[in-house]
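Numbers restart at 1 for each chain; the letters A, B, ... are given by sequence-line order, proteins then strands.
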Amino acid sequence: MNGTRNRLRHYSTASTSHFNQRILNLKHASGAAKVDDALQLFDEMLQRQPPPSIIDFSKLITLIVKIKHYSTALSLFKKINLMGIRSDLYALTVSINCHFRLNQVNYGLAVLATIFKQGHPPDLATYNTLIHGLVLADRVFEAVELFKKLLREKLCEPDQIMFGAVINGLCKVGHTSKALELLRFMEAGSCKPCVRHYSTVIDSLCKDKMVDDALQLFAKMTEKGVLASVITYNALIHGLCNFGREAEAAKMLRDMEEKGVSPGVDTFTILVNSFCKQGSVKDAELAVQAMVRRGLHPDVITYNALIDGYCLRGEIDKAKKVIDRMMEKELVPNIITYNSLLNGYCKKKRIDEARHLFQEIQDKGLIPDVFTYSTMLQGLFHSGNPAAARELFNKMQAKGQAPDIRTYHILFHGMCENGECCDALVLFRSMGNNRLMKDIGLYTILIDGCRKCGKHNFAMDLFDELILKGLKPNVRTYTVMITVLCQEGLFGKAKDLLRKMEENGCLPNSVTYNVIVQEFMKQKAFQEAEILLEEMINRGFSPDSTTFSMLLHLIPSIGQDSPMQTIIQKLTSIKGSDDRMLDSISGVIT
DNA sequence: CTAGGGTTAG
């Protein structure tokens with residue numbers, strides 16, 4: 001009797017270790033066959049008598065979860081349960097995770113109910129899975145509520161992972177200040193924040209345009225002896241770049257290397273992208289050289305940034321050369337690569353080549369996405385073919401690519417640009433009460449579109465309408481509206497609106513002032529133009545080239561002691577002050 | 001926590 005049991009146990013252990021070895025082998029395997037191999041192993045395990053334990057099955061299924069085959073994982077759990085093997089807390093927690101990832105939150109919660117029914121209290125890992133899952137499913141509020149309940153009722157002691165999930169959730173929904181509070185709470189307590197927590201909040205602050213606060217937090221973190229990681233630096237470099245602070249970003253790169261943190265391909269890609277966006281592809285190329293010198297290989301994303309940079313400047317041939325360069329490195333251009341190229345053609349109104357490329361993309365087996373269609377739409381409108389554009393707009397929906405807000409911006413702008421503002425308004429009205437009707441950008445496009453079509457009344461009605469709806473006009477909306485009023489000769493109202501926008505917390509910018517000054521000059525309201533010109537200069541804005549040349553043409557016709565004369569003098573002396581921006585940058589990255 | 005593409009005022 002005893003001998004039999006021992007032999008059995010011995011046999012069972014041997015088979016388990018056999019499976020364990022194969023599970024371990026699979027763990028380090030990669031490629032497409034991995035799932036198939038795992039499934040085969042699963043079947044073998046299922047047939048084994050006596051069957052392996054739930055622990056062994058969970059090990060295997062966890063591998064399948066890691067490659068994101070959540071529904072497969074769930075079906076395997078179901079199979080073993082049908083075979084009479086009961087899930088333990090670990091297995092149930094993995095199931096919850098799968099349901100959440102599949103956006104089946106309610107099923108996940110049903111599994112939680114099973115956990116309670118089985119009489120095991122959930123452990124920290126279960127709660128972490130729940131909170132993380134709720135955040136992933138965009139149910140951050142519930143995640144935070146659960147977290148608070150756990151704290152309040154002392155159901156568990158939150159660890160760094162739980163704090164991390166909550167901080168991440170708060171940042172995700174834009175409550176960065178709450179995340180910051182939680183970070184302070186951690187600093188004061190026993191579960192101290194680590195780089196990940198700081199990095200999440202730093203990244204979120206940067207995305208909230210509070211780069212300086214992010215830098216402050218970075219300094220504080222360093223003071224506390226927490227070492228920054230590549231991710232921390234990437235967030236800061238990205239934030240700085242987004243606000244044109246490339247020189248500081250480059251300094252940050254230096255700083256990280258001095259501290260022994262190696263920048264990654266992504267770090268350089270951020271810089272490449274940023275240099276391209278602000279028009280300096282030359283610096284972008286230098287950044288690529290710098291990364292290669294460090295033994296890093298530019299990837300598709302890096303090359304795409306460069307290609308986009310060239311396309312934005314209309315240098316399509318150079319962009320194509322970059323594509324050749326990346327293909328030599330055996331990197332395959334993707335839809336994003338071609339979208340940039342398509343955008344290049346469309347912006348240059350090379351519509352035949354754009355159409356050709358659009359076909360070529362599909363011949364290559366790539367599927368045009370919202371970006372592709374939106375870009376092509378814009379090209380068709382821009383080259384004066386609104387009918388073809390409308391047709392494509394229908395086609396994209398038929399092909400299952402739903403237009404997004406930007407597609408609609410392009411559509412309505414395109415229609416108005418082609419004199420179809422009445423059709424645009426009809427279409428706008430027919431769209432019902434969805435998010436589009438509350439989009440201030442779309443209203444701005446329509447107002448300006450009606451203005452360009454000469455329908456000033458429609459423009460003014462739209463403005464009243466958006467105010468009635470409680471929408472907040474932005475600088476662009478006000479600027480367009482001021483133009484409408486000026487062109488109607490309603491100078492008093494235009495000036496009132498200029499004051500009112502400020503009262504509403506929306507400061508006029510350089511474009512606003514240039515537009516109003518130009519309109520006043522066009523209609524020979526020189527006194528008014530002069531006052532506003534003075535005001536704009538005092539606020540640190542300078543006339544654009546149009547305003548400037550209008551002023552120059554005025555010189556012969558105004559008196560020597562006119563105030564306009566002194567303004568012109570003032571202007572000629574500050575000319576040329578903007579040209580020393582980009583020099584410092586190329587020198588910093590070496 | 002992790003870099004890339006399409007949109008609106010002169």
Side-chain angles (χ1 to χ4, degrees), chain A residues 164-165 167-168 171-172 179 194-204 206 229-235 237-238 241 263-274 276-277 298-309 311-312 334-344 346-347 368-379 381 403-414 416-417 439-449 451-452 473-484 508-519 543-547 550:
Chain A
I167 287 177
N168 183 28
C171 289
K172 193 176 159 189
C194 69
V195 225
R196 289 165 164 247
H197 302 98
Y198 283 105
S199 299
T200 308
V201 181
I202 286 174
D203 184 56
S204 190
C206 287
S229 70
V230 207
I231 292 162
T232 326
Y233 281 107
N234 283 353
I237 290 174
H238 201 185
C241 283
V265 176
D266 51 358
T267 315
F268 282 98
T269 301
I270 293 167
L271 289 167
V272 170
N273 192 36
S274 171
C276 287
K277 285 272 155 58
D299 61 11
V300 181
I301 302 178
T302 320
Y303 282 115
N304 278 352
L306 212 49
I307 290 162
D308 196 55
C311 288
L312 287 175
N334 60 16
I335 188 71
I336 299 176
T337 320
Y338 292 113
N339 283 345
S340 291
L341 205 56
L342 189 71
N343 191 32
C346 288
K347 286 275 150 63
D369 62 9
V370 208
F371 288 80
T372 324
Y373 282 107
S374 301
T375 306
M376 196 65 215
L377 266 182
Q378 161 130 290
F381 275 125
D404 66 9
I405 192 73
R406 285 166 171 147
T407 319
Y408 283 106
H409 285 178
I410 292 168
L411 176 72
F412 286 110
H413 183 256
C416 294
E417 190 183 20
D439 181 55
I440 189 64
L442 200 46
Y443 267 101
T444 309
I445 286 168
L446 285 169
I447 292 173
D448 193 49
R451 179 189 67 80
K452 286 198 179 109
N474 60 31
V475 212
R476 287 190 153 114
T477 323
Y478 281 117
T479 304
V480 166
M481 230 10 243
I482 286 172
T483 315
V484 171
N509 64 17
S510 161
V511 182
T512 318
Y513 276 111
N514 274 295
V515 162
I516 194 166
V517 168
Q518 284 169 29
E519 290 299 330
D544 62 19
S545 56
T546 312
T547 310
M550 284 175 87

Earliest and latest nucleotide of DNA chain B, 5' to 3', sitting under 4.0 Å from a non-hydrogen atom of chain A?
->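 Terminal contacting nucleotides, 5' to 3': B:dC1 to B:dG10.
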Just to verify, what does [X] make a ring pair (Phe, Tyr, Trp, His ring centres under 6.0 Å) with, not counting sequence neighbours?
{"X": "A:Y408", "answer": "A:F393"}
{"X": "A:Y443", "answer": "A:F428"}
{"X": "A:Y478", "answer": "none"}
{"X": "A:Y303", "answer": "none"}

Base, sugar-phosphate or nothing for [X]? Non-hydrogen atoms, less than 4.0 Å.
{"X": "A:I231", "result": "base"}
{"X": "A:T200", "result": "sugar-phosphate"}
{"X": "A:K172", "result": "nothing"}
{"X": "A:H197", "result": "nothing"}
{"X": "A:D299", "result": "base"}
{"X": "A:V300", "result": "base"}
{"X": "A:V511", "result": "base"}
{"X": "A:T267", "result": "nothing"}

Using the test side-chain hydrogen bond (donor to acceptor under 3.5 Å, both in side chains), find all partners of A:T372 that sit at least two apart in sequence or belong to another chain.
->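 Expected list: A:N339, A:D369.
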Validation row: A:V511, A:R476 side chains within 4.5 angstrom (heavy atoms) |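 When only atoms from C-beta onward are counted, A:R476 and A:V511 do not touch, as no gap falls below 4.5 Å.
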